[in-house]
Amino acid sequence: MKKTTIIISLFVLLLTSCLGDDTIDYDYSSDTAITDFSLGTLKRRMYTKASDGLKDSTYMSNVVCSKYKFCIDHEKGLIYNEDSLPVRTDISKVLCTVNAYNGSAIGYKKPDNDTIFNYNAADSLDFTKSLEFRVYAADGTSYRPYKTSVN
C-alpha cells in the first residue's frame, strides 16, 4: 500500500508541476491624447426674398464640416478650428468624431455641470458653449482634459 501511495503522490506532483501558471500580466499605458477631432454635417439657416420679391423667406442648407480642420494643441489642452464655420451655422446639435491614442476611454463635461458623460459618436452635442473632453489613460491613473472651441 505504501508503494502505491508514493507512486500516486509522485504522479500528482509531476502532473501539477507541468501545468505552470496560467496568469498573464498586462502592462497598460499611461499615455493619453486626442488624435483626431471632426464635426459632421450641420444645418445653416439662410435668408432670401421669396419668388414674388416682396416677402422674406428662410430655408436650411447643409454645411459639410469635414472641410473644416480642427487643431489639437496637446500642450495647452485646446481643440479649435482656425477657419470659422459659415455664419448662422447651428452648432447646438452636433455629431462629432473624437479618436484617442490607444483607443482610450473618452468622456466630456458640460460647462455648467461637473458630471462626466461617456462620449458616444451617435449622441449630438451642444457646442454653443465650450465642452471639455477628457481622455483617460488605459492604466486608470490619469486623464488629459481638452477644452473645445467651435468658431
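Ion pairing between a basic and an acidic side chain is recognised when a charged N comes within 4.0 Å of a carboxylate O; K93 and D126 show no such pairing. Under the 4.0 Å criterion applied to side-chain N and carboxylate O atoms, R45 and D90 are not assigned as salt-bridge partners.
Two residues are said to be in side-chain contact when any heavy atoms from C-beta on lie closer than 4.5 Å; P145 and Y143 meet this criterion. Counting heavy atoms from C-beta on, the side chains of L125 and Y108 come closer than 4.5 Å. Considering only heavy atoms from C-beta on, L42 comes within 4.5 Å of I91 through its side chain. Between L85 and C65 the shortest side-chain heavy-atom distance falls below 4.5 Å. Under the 4.5 Å side-chain criterion, counting only non-hydrogen atoms from C-beta, C96 is in contact with F127. S38 places a side-chain heavy atom less than 4.5 Å from the side chain of T97.
No more than 12 heavy-atom neighbours from other residues, nucleotides or ligands sit within 6.0 angstrom of NZ on K55. A 6.0 Å sphere centred on NZ of K109 holds more than 12 heavy atoms belonging to other residues, nucleotides or ligands.
Both tests hold for K110 against F117: distance to the six-membered ring centre under 6.0 Å, angle to the ring axis within 45°.
Between Y146 and I34 the shortest heavy-atom distance is OH-N, 3.3 Å. Taking all atoms of both residues into account, the shortest heavy-atom contact from P86 to V63 is CD-CG1, 3.9 Å. Heavy atoms only, all atoms of each residue included: S104 and A138 are closest at OG-N, 4.4 Å.
Interatomic distance, CG of N99 versus CG of N102, reported as 12.5 Å (0.5 Å rounding). Atom CG of residue N62 and atom NZ of residue K43 lie 4.0 Å apart, to the nearest 0.5 angstrom. To the nearest 0.5 Å, atom CD of residue E132 and atom CD1 of residue I116 are 6.5 Å apart. Rounding to the nearest 0.5 Å gives a distance of 9.5 Å between OG1 of T32 and NE2 of H74. To the nearest 0.5 angstrom, C71 atom SG is 11.5 Å from K76 atom NZ.
The aromatic rings of F133 and Y119 sit perpendicular, their planes meeting at an angle over 60°, well past the 30° parallel limit. Taking the six-membered ring where tryptophan is involved, the planes of F70 and F37 are perpendicular, since the angle between them exceeds 60° and thus also 30°.
In this structure, the side chain of T148 engages the main chain of L131 through a donor-acceptor pair within 3.5 Å. Panel note: side chain D73, backbone E75; a donor-acceptor pair is recorded below 3.5 Å. Checked by atom type and distance alone, the side chain of N81 pairs as donor or acceptor with a backbone atom of N151 at under 3.5 Å.
Linking ILVMFWY residues whenever their side-chain heavy atoms come closer than 4.5 Å, directly or via other members, places I72 and V135 in the same cluster.
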List the steps and the verdict of side chain to side chain contact (heavy atoms under 4.5 Å, CB included) for T128 and S92. CA-CA 6 Å; T128 56; S92 66; 4.1 Å; yes
